[in-house]
Amino acid sequence: MFEMASNLTTTTTPRAVNGHSSIYLPTIAQVVDVQTETAFEKVYTVRLPGGQNLGHRPGQFVMVSIPGVGEAPISVMSSPSRTFDTFKLCIRNAGDLTSVIHNTILPGDYIGIRGPFGRGFPLEVFKGKDVLVAPGGLGMAPARSLIDEILDNREEYGRLIVLYGAKNPSEILFRDELRAWRQRDDIELFVTVDRPDESWVGHIGVITRLFPRVQINPFKTIAVTIGPPVMYRFVVMELLGKGLTPDQIWMSFERRMKCGVGKCGHCQVNHRYSCQDGPAWTYAEALAFEEAL
Amino acid sequence: MSLYILPKERLPGFVDNLRAGFRVVGPVRTETGYAFADIRSADELVLEYPTTILPPKKYLLPQRETLFTFRTGKAEDGAQQIEVEPVFQDVQPTVIFGVHTCDMHGIVLYDKVFSQGYKDEHYCARREQTYIIGIECLRPCDDASFCKDMGTLTAPPVYDLHMTAVDDNYLIDTGTEKGERLLLANVEAHLATTDDIRRLSQTLSAKWPHFRHRLKMTKDQIPSLMAINYGSHIWDTLGERCLACGSCTNVCPTCFCFDVQDEMALNMEEGERARMWDSCQLREFALVAGGHNFRASKASRVRHRMMRKGKYIQQVHGITGCTGCGRCQRACLVDITIPGTLNALYDEMQIDLSSATGA
Ligand SMILES: Cc1cc2nc3c(=O)[nH]c(=O)nc-3n(C[C@H](O)[C@H](O)[C@H](O)COP(=O)(O)OP(=O)(O)OC[C@H]3O[C@@H](n4cnc5c(N)ncnc54)[C@H](O)[C@@H]3O)c2cc1C
């Protein structure tokens with residue numbers, strides 16, 4: 001009934017019509033694996049046609065779509081060090097598109113991918129430094145890209161400190177990895193939950209409660225925080241309190257996005273387009289925008 | 001490229017010849033005012049028109065435009081399949097006739113936005129097939145325009161041909177070689193003589209006194225004025241008045257933001273993804289899943305529009321984000337105007353200054 005399947009998998013670049021190609025045309029990629037992380041998040045492993053490498057940097061995102069439903073920006077969860085013929089996305093069921101993805105996409109199905117887009121984290125600046133990563137909630141997904149990249153090139157970085165805050169134990173992402181990280185002595189991990197249940201034996205309270213637990217060398221530390229907008233003010237206060245300067249603090253901005261290529265205007269933060277100039281920014285840059293925090 | 005002279009009586013012949021090879025659009029009279037529309041016969045074209053409801057941007061960025069079509073379905077093994085095919089809509093040889101200088105400045109911005117960075121070939125493919133024939137403005141459109149303040153009363157180098165009415169003739173400047181070929185292939189025009197050029201110069205210098213200034217500051221001061229007044233209470237006052245209807249952005253020649261939506265055919269297997277004009281004045285514009293709205297108040301949205309016009313576009317693209325065409329003022333039901341806003345911000349600063357210096 002549907003015969004175009006075979007040529008789909010060979011489409012690597014958007015086809016041209018009369019010599020024109022479209023920046024809005026997604027590449028049709030296959031979902032090869034789906035894992036349920038929590039009640040709200042699933043991890044999708046995606047393979048581009050021909051197993052082409054996505055070629056991204058930590059902190060970049062792709063536009064994910066289902067034709068007929070819509071398109072939305074999703075961070076690349078896998079690190080470049082672990083991205084070969086597939087990459088991973090961690091998607092929360094949050095609205096129109098993401099609920100359809102959660103409810104209908106199974107291994108073998110196809111989705112649209114555009115990107116990678118945005119400015120990622122500048123690893124060349126991070127190298128040789130201690131890196132403190134402070135993800136909140138779903139921010140752990142893009143943070144994974146950075147953390148795994150550092151773990152796989154461990155000798156190129158100093159200390160790796162991860163301070164992770166989740167609402168409650170059932171919303172903690174990547175429990176297997178967290179367990180594995182705890183076994184290593186080259187990553188310092190602290191996890192807290194706002195609302196514990198009976199089984200919880202770890203830290204309790206918002207993410208900022210973890211900061212007093214670590215000492216950092218303010219001269220050689222880079223901090224990265226990724227989470228909901230409300231979190232940034234508080235985390236930044238803690239980091240400034242530890243003697244970091246605004247240009248040592250990186251954050252990722254969430255904004256509505258429709259195009260990903262700096263045209264549609266939805267993600268504007270003052271005059272900057274978050275999809276192009278961000279979504280990763282230093283706090284020093286953010287300070288120059290009234291609309292940032 | 002040179003100046004040509006075309007007797008006015010030859011204009012209809014020129015238009016008709018163009019119509020043989022091009023879609024020709026230009027200002028026509030309608031019941032609600034002048035509007036750019038397809039020219040079906042040369043006598044419909046009105047070159048002495050005050051302003052049009054919409055700028056000619058609609059030919060470069062259609063109100064709704066298909067980006068690609070898709071087909072979805074299930075393969076034999078049950079897996080979902082997708083096929084996509086890009087669509088380049090309205091790509092056809094087109095002449096936009098009779099573009100005012102302010103609107104040409106809008107096109108300069110559009111060209112930058114859609115060709116720089118990621119090249120938007122939906123726009124560029126259409127644009128490459130579009131000729132622009134400007135018309136020199138010799139009288140102000142009406143009281144709403146403030147092109148003189150915005151420096152848009154002279155034509156930017158975006159036109160293929162630019163016409164100035166001088167007595168019984170049009171003096172035509174050829175902006176591009178293809179424009180010159182277009183002219184000479186479609187009408188008998190002669191190189192202007194020194195006498196013609198002298199009369200053109202007189203016409204151009206005589207027009208300036210007819211246009212008035214509406215702004216209390218210079219165009220170059222606007223970005224700083226906006227920067228200093230980000231926190232002004234004036235935004236709250238405007239926010240209370242604004243109806244958040246989006247009319248201002250619809251009619252604006254420098255607004256280009258768009259939404260993207262998918263539409264599914266009834267068979268639920270085929271459909272298309274399209275983009276349509278969007279407005280930062282609407283509540284949903286900066287709303288994200290989970291309910292957070294980065295510009296929840298109308299005040300913040302009015303301010304964002306004014307900031308784009310007065311500062312942001314200048315910062316990103318190096319050219320002014322407002323052409324002074326006055327359309328947003330004409331379209332606004334509650335009389336929110338750019339000159340009114342800029343002047344109010346300016347006045348307020350004078351008051352602050354005089355109270356600070358005790359003057
Ligand atoms: C740079 C970036 C990275 C992101 N990374 C992830 C991730 O790794 N995992 C994840 O689950 N979510 C991520 N998000 C959030 C995700 O984009 C939204 O949850 C998603 O757009 C919701 O789409 P929807 O159609 O399901 O919801 P609806 O509320 O129905 O949204 C409709 C449309 O509005 C736009 N939109 C709505 N919310 C957002 C939003 N928060 N950000 C951007 N556009 C939005 C999208 O175009 C979306 O299709 C990221 C957002 C940004 C900006």
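What's counted below: heavy atoms across the whole structure, side chains too, no hydrogens, waters or symmetry copies. Sequence lines set the chain letters: A, B, ... in the order given, protein chains first and strands last, and positions in each chain run from 1.
- Contact tally against chain B (heavy-atom pairs below 4.5 Å) for A:Lys263, A:Gln276, A:Glu71: the top residue is A:Lys263.
- Of the N and O atoms on the side chains of A:His266 and B:Asp278, at least one donor lies less than 3.5 Å from an acceptor on the other residue.
- Using a 4.5 Å cut-off between heavy atoms, B:Gln116 contacts chain A through its backbone alone, with no side-chain atom that close.
- Heavy-atom distances place the side chain of A:Ile105, and not its backbone, under 4.5 Å from chain B.
- With a 6.0 Å cutoff to the six-membered ring centre and a 45° limit on the axis angle, A:Arg255 counts as a cation-pi contact of B:Phe294.
- Looking at B:Gln315 and A:Arg272, their side chains never bring a donor and an acceptor atom within 3.5 Å of each other.
- Taking the side chain as every heavy atom from C-beta outward, B:Arg303 and A:Glu290 never approach each other to under 4.5 Å.
- The pair A:Arg256-B:Glu284 does not count as a salt bridge, with every side-chain nitrogen at least 4.0 angstrom from each carboxylate oxygen.
- At a 4.5 Å heavy-atom cutoff, the contact between A:Glu254 and chain B is made by backbone and side-chain atoms alike.
- Relative orientation of the A:Tyr24 and B:His122 rings is tilted, given thresholds of 30° and 60° on the angle between their planes.
- Only the side chain of A:Cys259 comes within contact range of chain B, judged by heavy atoms closer than 4.5 Å.
- Looking at B:Tyr230, the atoms closer than 4.5 Å to chain A (heavy atoms on both sides) all sit in the side chain, from C-beta outward.
- Within the 4.5 Å cutoff, the side chain of A:Pro26 has heavy atoms near those of the B:Phe68 side chain.
- Both the backbone and the side chain of A:Val261 come within contact range of chain B, with heavy atoms under 4.5 Å apart.
- Heavy atoms of A:Pro229 lying under 4.5 Å from chain B belong exclusively to its side chain.
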